[in-house]
Amino acid sequence: MQQELISGLTEPQRQAVTHMDGPILVLAGPGSGKTRVITHRVAWLITQGISPRNILAITFTNKAAREMRDRVHSLRVPRGSTICTFHSLAARLLREFADHAGLPADFSIYGDADQRTAMRESLKLCELDAKNFPPAKILTRVSGWKNKFLGPDQLDSRELDYFDKVAARLYGVYQEYLKANSALDFDDLLMRLALLLRDDPELRDHLNDRFRYVMVDEYQDTNHCQYQIARGFTVNHSNICATGDPDQSIYGWRGADIGNILAFERDYPQAVVVRLEENFRSTPEVLDLADQVIRINRQRKEKRLFTSKSSGDPCELREYYDESEEALGMAQWIAQMRKDGLQYRDIAVFYRINAMSRVLEEALRRAHIPYQIIRGTEFFKRREIRDMLAYLRLLANPSDQVALRRIINQPARGIGATTVNRLFDHSSNTGGDIWQVLQSLDQVPAINAGARAKVKKFVDMIMKLREQMGSSVERVMKLTYEWSGLAKAHAADESDDPAANVDELINSAALYDTEAEEPLLSDYLQQIALISDADAYNDQAGAVSLMTLHAAKGLEFPAVLIVGLEDGLIPHRRYGGDESDVEEERRLLFVGMTRAEDRLVLSYARNRMVHGSSQAGIISVFLRDLTGLVCNTDTADDGFDDDDDDDGYSQSDHDDVLAECAALARGQLVRHPEFGLGRVQRISNLSDNPKVVVQFNTGACKTLYLKYAHLERIDSTDF
DNA sequence: GGACTCTTGGTTTTT
DNA sequence: CCAAGAGTCC
């Protein structure tokens with residue numbers, strides 16, 4: 001068994017797997033088998049007689065955790081080790097030790113949308129305008145403070161500018177609001193656990209004793225809280241194995257500190273450092289190109305990536321006229337990959353921002369190419385799903401006002417804004433819990449008899465549901481759907497079938513019931529709250545995968561296309577323009593490129609729609625002066641329908657076209673045999689099969705291939 | 001009190 | 001161009 005575990009590993013991998021006590025840093029390049037090292041290490045420790053209960057592996061996403069658990073299980077060692085993310089670990093421990101932390105055990109977890117609602121409410125309480133103080137921006141500040149363990153009253157107002165002073169005030173109100181709701185946001189989860197480890201030595205010792213071997217993956221992306229948590233877990237034994245790659249640190253913007261990994265050896269002077277530099281994933285061509293991109297960076301530990309994989313196709317760069325042609329080009333490229341023998345699941349397309357997925361999606365649909373967009377949280381943003389979850393949250397945590405506000409009149413049951421406000425006003429005036437107010441409506445004089453009856457009915461319904469909470473999550477959910485009236489409301493809605501989505505949610509609950517050791521509504525909700533985009537990736541689906549560069553981390557595909565390599569997109573335009581920010585963008589591209597096993601294609605468009613209007617773009621600075629990149633400035637021209645005119649183009653007399661093109665300038669008056677007089681707006685794609693955009697007098701604006709548009713040039717002297 | 005239209009404003013990236 | 005919030009009409 002032990003032999004099996006280490007046979008087939010390279011020497012450095014074996015070293016990392018079998019190292020027993022003391023700190024160890026695994027500096028792992030992309031595709032170097034890092035995941036394998038961790039899974040084998042977990043299994044190895046178990047074969048060395050360590051109880052699985054004493055092993056903790058912390059991953060970056062739930063998906064990574066799930067995969068890792070599966071792989072460890074497949075190594076046929078006893079189960080029971082803890083493999084999860086920082087956030088779910090924190091949530092679990094804070095529930096388990098709620099009394100230590102001074103928390104109710106049934107707290108809600110507020111994600112994105114809930115945080116914004118809570119901040120919006122806080123703004124109202126302070127009588128501030130959301131326009132001057134955008135909730136999202138305030139929340140970013142708050143997040144930064146929490147990451148530094150700074151509470152609202154620990155901020156020195158003398159050091160804050162006006163905006164931050166207001167933000168600091170809102171921070172306090174926001175925290176009060178969360179507290180009244182028995183809710184924690186993402187940052188609270190980490191901060192509370194970190195503080196607990198710092199301030200509760202007894203509990204810290206207990207946890208050090210429980211988790212005697214700790215592994216932290218993606219250490220380069222830990223923020224200060226996560227760093228402190230990792231330290232707190234290992235103060236007594238220093239059995240920490242951190243793995244990561246400074247070149248793949250891409251979350252600086254949300255507090256990740258690349259310094260944590262760079263300073264590991266200083267924090268743990270006895271640390272053994274293992275370097276995994278052999279790449280088992282990519283061809284030399286891909287690796288070489290990626291290295292050309294990353295080696296410009298200054299804040300890094302130099303690595304020599306190498307591979308023994310044999311030479312493959314050169315990497316390719318494609319230029320397109322605009323984003324729809326780029327999308328068309330993508331579809332054609334995928335078709336070509338299929339002809340070359342790849343499956344759809346072998347192919348991935350990456351982009352910098354989510355907004356770019358729309359055009360791509362459309363092109364794939366038209367070309368009948370199956371695809372999956374990796375946006376795990378999208379499903380949970382749907383109105384009907386959020387409504388359902390709000391009901392469940394209210395069942396689990398009666399103090400959850402955000403949930404209550406959402407569904408007290410959803411579906412409409414005659415409880416309007418006025419009534420709701422009166423109820424909440426009464427609750428804040430008397431300082432009582434909102435749910436207590438609802439249960440003793442007679443105490444609220446401002447509510448009239450009609451409203452009272454309606455609210456009473458609602459409260460009774462919730463109480464009846466609460467009685468059912470002992471049964472499976474699936475059953476609670478089904479009952480909620482019926483009794484709340486949502487099912488009835490959805491049945492009438494034939495437009496976008498919300499009932500089907502709720503069915504899907506119910507299925508997920510059923511799956512949870514069967515998989516969880518001890519199904520619990522609050523635990524189910526916690527899982528949902530901590531779900532991430534990357535979690536949606538299904539490697540079994542026979543579909544092309546579309547995702548952001550960030551979501552691509554940790555994955556690999558035989559063929560990869562990265563689109564939108566334009567200045568302003570990669571690197572993304574942003575205020576400041578700090579040197580380190582640009583380096584992070586470079587790392588992001590590096591991460592994307594190194595996902596590719598055999599084929600890597602990069603593309604950019606010279607025009608792109610932004611806010612509904614077309615803007616000119618130029619190639620990314622990151623791609624200038626690269627060697628070994630084959631440039632191909634073909635636009636999409638055949639294979640699929642390009643909405644108008646695309647027949648009969650012959651490859652000959654190319655030069656004539658070019659000459660003709662040169663004679664045309666922007667603003668040139670032309671005559672078209674069919675459309676009449678018009679003016680040239682744009683000429684594109686000079687190198688091959690040029691196109692012109694002509695604004696005709698009829699009002700129509702057409703994009704025409706110069707080759708067969710038969711435009712007649714008209715000089716003003718003709719008039 | 002509730003549903004609908006209109007305007008506004010906003011774009012990285014996410015646990 | 002799209003989503004969310006706010007005003008407006010019934």
Side-chain angles (χ1 to χ4, degrees), chain A residues 58-65 84-91 109-113 115-117 120 123-124 129-131 134-137 139-140 143 146-147 184-191 218 221-223 225-226 249-256 323 350-359 374-378 381 383 409-422 448 450-451 454 526-536 547-553 564 568-576 581 584-585 587-589 591-592 608-614:
Chain A
I58 305 174
T59 59
F60 196 71
T61 64
N62 292 300
K63 183 190 69 84
C84 63
T85 64
F86 270 107
H87 288 268
S88 43
L89 179 69
I109 297 171
Y110 278 8
D112 247 17
Q115 287 185 48
R116 246 171 305 152
T117 326
R120 211 168 274 283
L123 280 158
K124 269 186 206 155
D129 190 352
K131 286 200 176 99
K137 213 172 160 187
L139 284 166
T140 310
S143 175
K146 285 183 179 174
N147 193 29
L184 298 182
D185 67 16
F186 287 148
D187 297 307
D188 285 332
L189 290 175
L190 299 179
M191 185 185 71
E218 310 283 11
D221 279 322
T222 51
N223 65 23
C225 283
Q226 292 165 327
S249 164
I250 54 175
Y251 286 99
W253 51 273
R254 67 170 200 212
E323 77 280 349
F350 306 150
Y351 37 81
R352 179 63 232 264
I353 61 173
N354 279 307
M356 291 170 70
S357 66
R358 216 176 212 100
V359 220
I374 314 307
R375 271 184 101 177
T377 52
E378 198 176 58
K381 287 190 179 127
R383 208 176 34 251
N409 198 34
Q410 188 63 248
R413 49 174 71 88
I415 307 175
T418 317
T419 306
V420 173
N421 285 334
R422 281 175 186 159
N448 64 41
K454 288 170 183 162
Q526 173 180 307
Q527 279 195 22
I528 299 276
L530 295 178
I531 226 157
S532 71
D533 275 356
D535 296 341
M547 67 192 87
T548 63
L549 285 162
H550 283 88
K553 183 154 93 158
L569 227 37
I570 307 176
H572 196 274
R573 65 188 126 241
R574 56 142 73 74
Y575 40 94
D581 289 348
E584 181 155 309
E585 295 286 308
R587 292 194 291 266
L588 189 55
L589 180 57
V591 167
R608 189 173 292 277
M609 287 290 234
V610 182
H611 290 330
S613 65
S614 182

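Scope of the values below: all heavy atoms of this structure, side chains included, with no hydrogens, waters or symmetry mates. Chain identifiers are assigned alphabetically (A, B, ...) following the order of the sequence lines, protein sequences preceding nucleic acid strands; residue numbering begins at 1 within each chain. Everything quoted here is computed from the prediction, not taken from an experiment.
At whole-Å resolution of the value, NE2 in A:H550 and P in B:dT13 are 9 Å apart. In this structure, CE of A:M356 is placed 13 Å from C1' of B:dT13, rounded to the nearest angstrom. In this structure, the CD atom of A:Q527 is 15 Å from the P atom of B:dT15, given to the nearest Å. Protein atom CG of A:L139 is 16 Å distant from nucleotide atom P of B:dT13, rounded to whole Å. Rounded to whole Å, the distance from CD on A:E584 to P on B:dT14 is 13 Å. Rounded to a whole Å, the CG atom of A:L569 is 10 Å from the P atom of B:dT13. If you measure from atom CD of A:E585 to atom P of B:dT13, you get 11 Å, rounded to the nearest angstrom. If you take CG of A:N223 and C1' of B:dT14, they are 12 Å apart, rounded to a whole angstrom.
Here A:W253 counts as stacked on B:dT13: its ring centre is under 5.5 angstrom from the base ring centre and the planes meet at under 30°.
A donor-acceptor distance shorter than 3.5 angstrom exists from the side chain of A:R587 to the backbone of A:S249, with no hydrogens or angles considered. Although no hydrogens or angles enter the test, the distance criterion places no donor-acceptor pair under 3.5 Å between the side chain of A:D187 and the main chain of A:N147.
Not one side-chain nitrogen or oxygen of A:T61 sits closer than 4.0 Å to the OP1 or OP2 atom of B:dT15. Between A:N354 and B:dT14, a side-chain N or O to OP1/OP2 separation shorter than 4.0 Å is present. Taking side-chain N and O atoms only, A:N62 has no distance below 4.0 Å to OP1 or OP2 of B:dT15.
Under the 6.0 Å cut-off for aromatic ring centres, A:F60 and A:Y251 qualify, their centroids lying closer than that.
Partners of A:T85 by side chain to side chain donor-acceptor pair (under 3.5 Å), not counting sequence neighbours, listed by chain and number: A:S88. The ring-ring contact (aromatic ring centres under 6.0 Å, His included) search around A:Y351 returns none, not counting sequence neighbours.
For the pair A:V591/A:L549, no side-chain contact is recorded, criterion being any heavy-atom separation below 4.5 Å from C-beta on.
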Seminar exercise, completed: Each nucleotide of nucleotides 1-10 of chain C classed B (base within 4.0 Å of a protein heavy atom), S (only sugar-phosphate) or -, in 5' to 3' order, makes BS--S-----
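In this structure, the nucleotide among B:dG2, B:dT14, B:dT15 sitting nearest to the side chain of A:N409 is B:dG2.
In this structure, the separation between NE2 on A:H550 and CH2 on A:W253 is 5.5 Å, given to the nearest 0.5 Å.
Nearest-nucleotide mapping onto DNA chain B: of A:R413 and A:I250, the residue sitting toward the 5' end is A:R413. Nearest-nucleotide assignment on DNA chain B puts the 5′-proximal partner with A:V610, out of A:V610 and A:Q115.
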